[in-house]
Visitor: 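I have a structure I would like to understand better, so I am pasting it below and will then ask my questions one at a time.
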Amino acid sequence: MNNATLHTLLNSMGVDLRHYQGTELHSISPVDGTPLASLAANSAAQIDVRISRAQAAFQQWRQVPAPRRGELVRLFGEELRTHKEALGKIVTLEAGKILQEGLGEVQEMIDICDFAVGLSRQLYGLTIASERPGHRMMEQWLPLGVVGVISAFNFPVAVWAWNAALAFVCGDSVIWKPSEKTPLTAIATHALFMKAVARFGSDAPEGLAELIIGGRDAGASMVADPRIKLVSATGSTRMGKQVAAVCAQRLARSILELGGNNAMIVAPSADLEMAVRAITFSAVGTAGQRCTTLRRLCVHDSIYDTLVPRLQKIYAGLPVGSPLEKSTLVGPLIDQAAFDAMQTALATASSEHGKVYGGERVTVSGCEAGYYVRPAIIEMPTQTTSMHHETFAPILYVVRYHDLAQAIEWNNAVPQGLSSAIFTTDMREAETFVSATGSDCGIANVNIGPSGAEIGGAFGGEKDTGGGRESGSDAWKAYMRRATNTFNYSNSLPLAQGISFDI
Ligand code: NAD
């Protein structure tokens, strides 16, 4: 891997990196530690200008009919299809995901564009029966304003697309502060969007999509700005609590997509072949750096001694290596801090009487400066305190359970509430798991793992995961304001609740 490859890819998308050059922000490839680019962070004055432009753009964009707004998103989807390979590869180079997952991330962007195009003709309101004669009530959804998107390193482009594709058809403008660890993927995505804008024509105002390059401070100044009507922030629970406090102070809306600590229950009747594949993909995919990564496995006592040794054997042979190699299933961690956090978590688990398998650093030839690890499985005596924390690395804690109620209690006992799964062919167990007394997570799956959501459903979780929902179902409503209108077409003025007020 070298910088020439990166520059060729960026050029193919119309990016001229010279416009972004500076000294404040460094994009380092987790593949082999190569510095990819040094960029300028936007100043407070530049951020202010961008927000002003986005606000002016909103004034115009909200007047463009929604199906026409959908056309812009359709064109963007076309650009993504054309450049899928190149953008997927940049995701791999900058975020370290294996190529299949880099491509999958771009496919997810294409999928949400398709969804949003359809949605642009389906922003339905309601007609409501009025209690008064000669009256009609209705509810309509109207554009909201400037939407601020703050994204994390591990889904460097898809998260923006989940928000932006919906926001654009809803009539909003969007300002994006990507992770400081993955600015290049954002610059490339922005360039593709601008290609779509150029093809769309003058209906798309300048400032409709703005990009802010910077670190936490840049994100914080966006969050505090009253011109931003909705803040959609994806990242750690620590970040979400800070963002939530600032939004609450100015009564702004927020969508918070924060940390997960996801469990799977494997019941006695489970199809173990399927369970093994689902566990492995969910626990080691993206090197354990997904918010939906499987982190806790509750295995029924009757199958524990069959399943767990099998997983240990698979883990020992997992191909760990450069994410650019086709055969690799486990790529690098994002950086040294992630590696250190993983080693600390392994040591803590040992001190809690956990038996650790794997977890050691792996040297990959030609990528010696990358932080590669063998995914770890830890057999725990019970669900201990350290298992309540999300360590963003491939660590799978395994506990033995005897009855389903205990396993569900463990599933729900952690602060986070993003995703969860059960493997069972027992209908009673499956229904119990997804019922009101089952999993308390935003996502509860049966016979598939907790990670790898489709865009059609609303995505997000409860408790420390932040409570936000993005992507499919009716998540679009968060990007619009609801207005209730009552029309009186009679010749009198009856008051609601039969109140008499004669003057
Ligand atoms: P992070 O919290 O360090 O950073 C995320 C983003 O927030 C970055 O752009 C950062 O600059 C910005 N930021 C940090 N502090 C801020 C503040 N006070 N105000 C405004 N912006 C601020 O997270 P990360 O390490 O990039 O990502 C990993 C975390 O993200 C994990 O906890 C993971 O579970 C979570 N995540 C959640 C989802 C989800 O949908 N629930 C998706 C992806 C990642």
Side-chain angles (χ1 to χ4, degrees), residues 24-25 27 30 41-42 47 94-97 101 105 108 112 148-163 175-183 185-186 211-225 228 231-247 249 252 254-262 285-295 333-335 337-338 341 389-393 414-420 441-443 450-453 455 457-472 475:
E24 288 106 341
L25 223 76
S27 169
N42 291 134
I47 293 173
E94 201 181 35
K97 293 185 169 194
E101 293 186 61
E105 176 147 0
E108 205 169 354
I112 194 70
V149 178
I150 295 172
S151 56
F153 79 83
N154 68 323
F155 274 92
V157 284
V159 163
W160 173 78
W162 284 4
N163 285 281
I175 183 154
W176 180 19
K177 209 298 284 174
S179 166
E180 51 275 40
K181 294 176 186 171
T182 52
T185 52
L211 181 63
I212 292 180
I213 300 297
R216 288 179 185 184
D217 293 352
S221 62
M222 265 174 65
V223 173
D225 197 301
I228 296 185
V231 176
S232 176
T234 299
S236 58
T237 297
R238 176 201 55 75
M239 175 278 285
K241 287 185 174 170
Q242 291 169 357
V243 168
V246 178
C247 286
Q249 196 59 40
S254 60
I255 297 175
L256 299 174
E257 300 282 349
L258 312 174
N261 187 359
N262 318 295
T286 324
Q289 299 167 109
R290 285 188 181 217
C291 50
T292 51
T293 290
L294 174 62
R295 307 198 181 279
L333 294 173
I334 188 72
D335 54 21
H389 299 288
E390 177 199 45
T391 302
F392 221 47
V414 298
Q416 310 82 352
L418 180 52
S419 191
S420 58
C441 295
I443 299 168
S451 87
I455 60 96
F459 182 88
E462 303 301 327
K463 304 190 290 185
D464 274 5
T465 303
R469 292 295 186 280
E470 284 173 352
S471 193

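Below, all heavy atoms of this structure are taken into account, side chains as well, without hydrogens, waters or symmetry copies. For the single chain, residues carry numbers from 1 onward in sequence order. Order of listing sets the numbers, starting from 1, for every ligand and every atom in it.
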Visitor: Can you list everything that forms a side-chain contact (heavy atoms from CB on, under 4.5 Å) with Ala453? Sequence neighbours excluded, please.
Guide: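 Partners of Ala453 under the side-chain contact (heavy atoms from CB on, under 4.5 Å) test: Phe459.
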Visitor: Quick check: Lys177 and ligand 1, any N/O pair under 3.5 Å apart?
Guide: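 The answer is yes, given that Lys177 and ligand 1 share an N or O pair closer than 3.5 Å.
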Visitor: Which of these, Trp176, Trp160, Trp162, sits in a side-chain hydrogen bond (donor to acceptor under 3.5 Å, both in side chains) with Ser151?
Guide: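 Among Trp176, Trp160, Trp162, the one that satisfies the side-chain hydrogen bond (donor to acceptor under 3.5 Å, both in side chains) with Ser151 is Trp176.
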Visitor: Please confirm whether Arg238 comes under 4.0 Å of ligand 1, counting heavy atoms of the residue only.
Guide: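 Yes; Arg238 lies near enough to ligand 1 that a heavy-atom distance drops under 4.0 Å.
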Visitor: Output yes when the distance from some N or O of ligand 1 to some N or O of Phe155 is under 3.5 Å, and no in every other case.
Guide: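 Min N/O separation from ligand 1 is not below 3.5 Å for Phe155.
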Visitor: Run the numbers for me: atoms of ligand 1, each under 4.0 Å from some heavy atom of Ser179, listed by number.
Guide: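 Those qualifying, in numeric order: 9 (O).
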Visitor: For Glu180, is at least one N or O under 3.5 Å away from an N or O on ligand 1?
Guide: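 Yes: some nitrogen or oxygen of Glu180 is under 3.5 Å from one in ligand 1.
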Visitor: Based purely on interatomic distance, does Arg290 place a nitrogen or oxygen under 3.5 Å from a nitrogen or oxygen of ligand 1?
Guide: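 No; every N/O pair is 3.5 Å or more apart.
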Visitor: Quick check: does any side chain N or O of Thr286 sit under 3.5 Å from a backbone N or O of Lys97, one acting as donor and the other as acceptor?
Guide: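 Pair absent, no side-chain N/O of Thr286 close to backbone of Lys97.
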Visitor: Can you check atom 4 (O) of ligand 1: any protein non-hydrogen atom closer than 4.0 Å?
Guide: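 Looking at atom 4 (O) of ligand 1, one finds that no protein heavy atom lies closer than 4.0 Å.
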Visitor: Report yes if Asn154 has an N/O atom closer than 3.5 Å to an N/O atom of ligand 1; otherwise report no.
Guide: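 No, Asn154 has no N/O under 3.5 Å of an N/O on ligand 1.
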Visitor: Does Ala218 come within less than 4.0 Å of ligand 1, judged by its heavy atoms?
Guide: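 No, Ala218 has no heavy atoms under 4.0 Å from ligand 1.
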Visitor: What pairs with Ser451 under side-chain contact (heavy atoms from CB on, under 4.5 Å), at least two apart in sequence or on another chain?
Guide: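 Partners of Ser451 by the side-chain contact (heavy atoms from CB on, under 4.5 Å) criterion, ordered by chain and then number, come out as Phe281, Ser282, Arg290, Thr292.
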Visitor: Are any of the N or O atoms of Glu390 closer than 3.5 Å to those of ligand 1?
Guide: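 There is such a contact, yes.
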Visitor: Starting from atom 7 (O) of ligand 1, which protein heavy atom do you reach first, and at what distance in Å?
Guide: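 So the nearest neighbour among protein heavy atoms is Ile150 CG2, 3.4 Å.
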Visitor: Give yes if a backbone or side-chain nitrogen or oxygen of Ser236 is under 3.5 Å from a nitrogen or oxygen of ligand 1, and no if not.
Guide: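 It does: an N or O of Ser236 is found under 3.5 Å from an N or O of ligand 1.
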Visitor: Can you tell me the protein heavy atom closest to atom 26 (O) of ligand 1 and the distance?
Guide: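 Minimum-distance protein heavy atom for atom 26 (O) of ligand 1 reads Phe153 N, 3.2 Å.
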